[in-house]
Amino acid sequence: MNAARLTCELRLSRGDFALDLNLDLAASGVTALFGASGCGKTTVLRSLAGLEPTVKGRVALDGATWLDTGNGLSVPTHQRAVGYVFQESALFPHTTVRGNLHFAWTRTPAARRTLDVNAMADRTAISHLLDRRIDGLSGGERQRVAIARALLTGPRLLLLDEPLASLDAAGKADLLAFLAELRRETDVPVVYVTHQVEEVARLADHVLLMDAGRLVDRGPVAEMLGRLSLHASPEQRSLAVIDATVSAHDPEYGIARMDFDGGRLEVPLATPPVTWEARLCVDAANVSITRTRAEDSSILNRLEAVVEAIDVLDRGHVLVRCRVGETLVPALITRFSADSLDLAVGSPCVVQIKAVAIT
Amino acid sequence: MNAARLTCELRLSRGDFALDLNLDLAASGVTALFGASGCGKTTVLRSLAGLEPTVKGRVALDGATWLDTGNGLSVPTHQRAVGYVFQESALFPHTTVRGNLHFAWTRTPAARRTLDVNAMADRTAISHLLDRRIDGLSGGERQRVAIARALLTGPRLLLLDEPLASLDAAGKADLLAFLAELRRETDVPVVYVTHQVEEVARLADHVLLMDAGRLVDRGPVAEMLGRLSLHASPEQRSLAVIDATVSAHDPEYGIARMDFDGGRLEVPLATPPVTWEARLCVDAANVSITRTRAEDSSILNRLEAVVEAIDVLDRGHVLVRCRVGETLVPALITRFSADSLDLAVGSPCVVQIKAVAIT
Amino acid sequence: MLGAADLQALGVSLLLAAVTVIGLLACGLPLAWWLARRDGTGKAWLEAVIALPLVLPPTVLGFYLLLLLGKTGPLAAVGLPPLAFSFGGLVVGSMIYSLPFVVQPLITGFENIDQRRLDAAATLGAGPRDRFFSVALPGARSAIITGAVLGFAHTLGEFGVVLMLGGSLPGETRVASIAIYQHVESMDLASAHALSAVLVVISLVLLVPTYILRRRSRS
Amino acid sequence: MLGAADLQALGVSLLLAAVTVIGLLACGLPLAWWLARRDGTGKAWLEAVIALPLVLPPTVLGFYLLLLLGKTGPLAAVGLPPLAFSFGGLVVGSMIYSLPFVVQPLITGFENIDQRRLDAAATLGAGPRDRFFSVALPGARSAIITGAVLGFAHTLGEFGVVLMLGGSLPGETRVASIAIYQHVESMDLASAHALSAVLVVISLVLLVPTYILRRRSRS
Amino acid sequence: APNDAPAPPARIAVAANFAATASALRDAHESAGGGRIDVILGSTGSLHAQITAGAPFDAFLAADTARPDRLVAEHLATAESRFVYAIGRLVLWSPHIDLVDPAGDVLRGEGFTHLAIADPKTAPYGAAAHAYLEGAGLLGTVAARLVTGQSVAQAYQYTASGNADLGFVAVSQVAGRGSHFIIPDDSHAPLEQAAVLLTDHPDAQAFLHFIRHDPDARAIIAAHGYGLPNDETRPDARRR
Ligand SMILES: Nc1ncnc2c1ncn2[C@@H]1O[C@H](COP(=O)(O)OP(=O)(O)OP(=O)(O)O)[C@@H](O)[C@H]1O
Ligand SMILES: Nc1ncnc2c1ncn2[C@@H]1O[C@H](COP(=O)(O)OP(=O)(O)OP(=O)(O)O)[C@@H](O)[C@H]1O
Ligand SMILES: [Mg+2]
Ligand SMILES: [Mg+2]
């Protein structure tokens, strides 16, 4: 991959709030923007889209400079080719769903067009809504329309602000799969704001953690999700993110065998997979640690590991970061357990992961 | 508890969508309204609030009839004393946060007042925003203001439409704790719409599951969350909901001992609890089953149980509902494990729950 | 430059415009609010009727009003005091003539208020009157200022109706627009220019802060 | 009942009102859009200046326009053909006089458009012009209809400016309102009533469907 | 530019108070074979301003002599064409049959609440009525009850509609209804109305000639309640 990058320096101040952010990202893949409410995530997306007139600094994507206030340059929003799903849906109420999609489609240069209106409506499960007016949609339906509309423009940068917030579990899973597919098929860089670690884990390559207008941590998704609990309260879950390939599928039991660089996992999978690559996520709270193998449990996956770090989160919780081959698998356990298992950095151990806890 | 009840029969038709719902609920506690996007949840809340002029049927709360279209009765919204947090925040943009809260406060009869504006702002962590105008708030900040505003009216019925959707994990946890406290302190009935099982588990007493305008299942929260996966895809997680009392707290390890009718659980708890009652939730995917006890694992909680039902969800997944004393603890395991453990209805077994997976 | 009579006429004009605008808002706000919440052809007819005073030449409208509101008119027949040649009559005439300029922007303003805010206010215990005052009025603030400005300015410049109905009684119904007209007709252009200029300056002095105020309320 | 001259005057009136409204929308829409996006006192001044034609009595305004647009005026001095006493002149005069009625509601309408929709349109590739046509115009539809109706009706009833500037030339600048005035002046009240009634009926026939259309566009 | 289209009708600007008479004259002129005439009404002041600004009028029948004189002075009209075509007569009139006594003493009493008058500043009839009231020493007693119309037509409308009990109007307006008192001609400057020709439009010339000399025309003017000048025989003092 050559050096196509998204770089930005953003500075903005607004009452008590000041944004001061320097970024340099690979211009492909999904970057999750994570942080507490009010920390400035929306402001960053708006600045990238050219919607914050008071922002100062520089933004350049893949060689093209969009903002350089030092040199008085600011490319207007409509020439930036960003796709933006706003936090509060900003659909056009004067027309139908089809009208909203059509609006985006007609303004997209032929070269950037991918799916047409009907195909996109199909992929986002809104075909039955095409002739509805916007005020006849439920909250989740609106969100799907907004996503479809943003994707239709074949953007060079996709900005998603909590796009799945009011979707039900099934709808969320469908759209996540669709977004993951897009991520594989195109190399449009995506900046994705969400409060849901699952979404980050599923989609992101890279995670930025913001606080009060500043970047406080960043890293590849596996690293970052493995230590997310360190930054915040234990409510903020850490996750293992494991990129694996399917090596076998047992159609009888609906179980797939997945290989990754630290070993093999068994994961329930009702039907044979369409692609051989998959990303697996495991909540650190669902990973348990033993010193020896227990054989009669329902827990299918037991992996040899080495303790790499032990962080005490509070009096009760300990985050044990285990290395399984090259892969980081964090385990959130009680401090009591950690003591009784006599774990220390470097200890060999077995991490147990229930097959169904792998998603 | 005497027979204070919320009863409603709602019928409404709107294009393809038809609502037809008969309900009879205890008028206290939290009722979660659950269902796919577009199934009519918001429409039900609006109907209860008197905001759907075309709805037909009856609504009565605790003896007072709010709607009886057969007899031409419809109490106007402002006389129904409902607190409503809308799905899309409906704050007043012409005034400040304080103005929004004050609006609610001044219209609340003295007898129904509980917290005043400043105290409520404090509890919902918006004190620092009081003098901001609404369009100077981030998405999550708006949501907190909307919750504070609805709670200020000391409503007789609280309607919450995805109130925590765009909050970060910490904010969500805080507000959930506050709502749970409210639930204990007052006996205001709450109808709570959300797509997040965690929220349901944490708060609800009763769950209604809707599909396409109709009620498809209902029951106490433990029952319902124990079988939620049966209704939908495996993405829809089942949970164990365990009401327990704290019997001891180990300040050294930050672990509390909690008793419930099926035994005892050890749960990480950094500081001694303020109340002795607590509701614990465990994701069925985090519950593992063994036939014998394994002693050296980091898993602290092992409970003797009896298999009550085994449901095959798909080729790969099995939901094993285990009875621990009176409490239902569902375990989501692979069909492979279920077979290799030779589980059948009536089998004795041990359910293992990691302490940190209990939330 | 300006004679005492001109100054007096200016005073009457400003008073008339102020009273007319207040009266128009008092009637127009509830009327517009009511209309904005209605639908169907009945409403369209009523809106069209409100616009009708505009399509008649003012003098002719004044003439009809003179017949209607005068001593021998139907209103006097049912016992109401005749309004011709009195300040009260001018107010009524100006209100009828400026009604559409005030009510139409108000209807549009009220229609634009987000229904969700009104719903929210109802759940917070606000009854219909309360919602009108606490949500609709602030929400339509910009439209109200627009309507008030148009009504005020139009009343200042109004001439035909006022002249026909008022009889140009000095100090009571002789307004600045009549005075300017007299100056022009009698070829006293200097006085006409002076009075026009004063009227324009006073209007600017009143309008500019109003518009600044309207802007401030938006941000 | 109506003579050929009256019918002709009616035709001129309707044509004038139509052309004036079209002209006002053509200038007023961009102007209002521009103003709605501006802020500060400069904007307030401009808005106030737009409202100024209203504060002068129409005949006096017509008189000043006559001086401006007539044979001896500054426009003629720089070589432009004099506009006074021509249909074109009437259009200019009516546009100036009705400008505030059209532009003010438009400004309010444009200001009410949710900024988020404009932002969304920009991210979908719509440039400023495109946003104006595809988001602002549909979003301000109700305000546009209000402005157009006020401008149309006001032009139909306009009298002072038109009489002064147009000179009442039959078939060219004699409009219905002047014809009604002439009937009243010649004490031919029957004709005046008849023409007024026809004007009112035509206005209703035009306005009622317009208002119905405006409503339909909202739901 | 020369073309074959028929010449446009002559446009005669007429002071509004003469409107009805002018229509009758036009009809008579046309039925006597004269060319087509368009009558354009306005206040004398407005019409004068319009003519000054280049209005395409062919002749002007004013309500006074001042504006025609001015036009002559400004070389917009020829002195030869100027003539007095009618002399207005002022009457105190009420639609009530018994309100106005033949001596006009009603003005001295309290028998009315509103007395209508045309604007003395802009309308000749108003100035005449004002002069009469002043001469009769009545101005003080009636001042508070005066309602002023923009023109004599409006003064008439005030009175005819009953809103003013009585008013100073033109004889031409009242046609013998109600009760009246004709104001003596010598109590005010004569209400001479002068006409001028503004172009050499033949129809306009013919029409003015018709008004000035034709016995039928003069009869129509007289029938509408105007006095007639002795024209050629009576030397006009104000003429240059
Ligand atoms: N117009 C404004 N004036 C002043 N402060 C503002 C304004 N708009 C936003 N802010 C503040 O800027 C900060 C950043 O807002 P932003 O919307 O970027 O937050 P966010 O990270 O997207 O939060 P959330 O997760 O709640 O959506 C917040 O503290 C907010 O209160
Ligand atoms: N004005 C309307 N006209 C026609 N259909 C409507 C209208 N408003 C809502 N609907 C439809 O009614 C159904 C129920 O909508 P509702 O808003 O109650 O759904 P919901 O369960 O709250 O969904 P979500 O979880 O997405 O918010 C949806 O199918 C929606 O499309
Ligand atoms: Mg945000
Ligand atoms: Mg909803």
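The sequence lines fix the lettering, A, B, ..., with proteins before strands; numbering per chain opens at 1. In this text the structure is predicted, and so the values were computed from the model without any measurement.
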Next item on the list: Calculate, to the nearest 0.5 Å, the distance between atoms CG and CZ belonging to C:Asp130 and B:Arg107 respectively.
Entry: 3.5 Å
Notebook entry, point to check: Nearest heavy-atom pair of C:Pro128 and B:His78: which atoms, and what distance?
Noted result: CD-CE1, 3.4 Å
Checklist line | B:Asn100 side, atom CG; C:Leu124 side, atom CG - distance, nearest 0.5 Å | finding: 8.5 Å
Notebook entry, point to check: Side chains of B:Glu88 and C:Arg116: closer than 4.5 Å at any heavy-atom pair?
Noted result: yes
Notebook entry, point to check: How far apart are the closest heavy atoms of C:Ala121 and B:Phe103, and which atoms are they?
Noted result: CB-CZ, 3.8 Å
Item checked: B:Ala90 versus C:Ala120, closest heavy-atom pair with distance -> O-CB, 3.6 Å
Check: Hey, does B:Leu51 have a side-chain heavy atom less than 4.5 Å from the side chain of C:Thr123?
Finding: yes
Next item on the list: Counting only heavy atoms closer than 4.5 Å, note whether B:Arg149 contacts chain C via side chain, backbone, both or neither.
Entry: both
Check: Roughly how far, to the nearest 0.5 Å, is CZ of B:Phe92 from CG of C:Asp114?
Finding: 10.5 Å
Check: Using non-hydrogen atoms only, which part of B:Leu159 is less than 4.5 Å away from chain C: side chain, backbone, both, or neither?
Finding: neither
Notebook entry, point to check: Near C:His193 NE2, under 6.0 Å, is it more than 12 heavy atoms from other residues, nucleotides or ligands?
Noted result: yes
Check: What distance do B:His94 atom NE2 and C:Ser134 atom OG have between them, rounded to the nearest 0.5 Å?
Finding: 7.0 Å
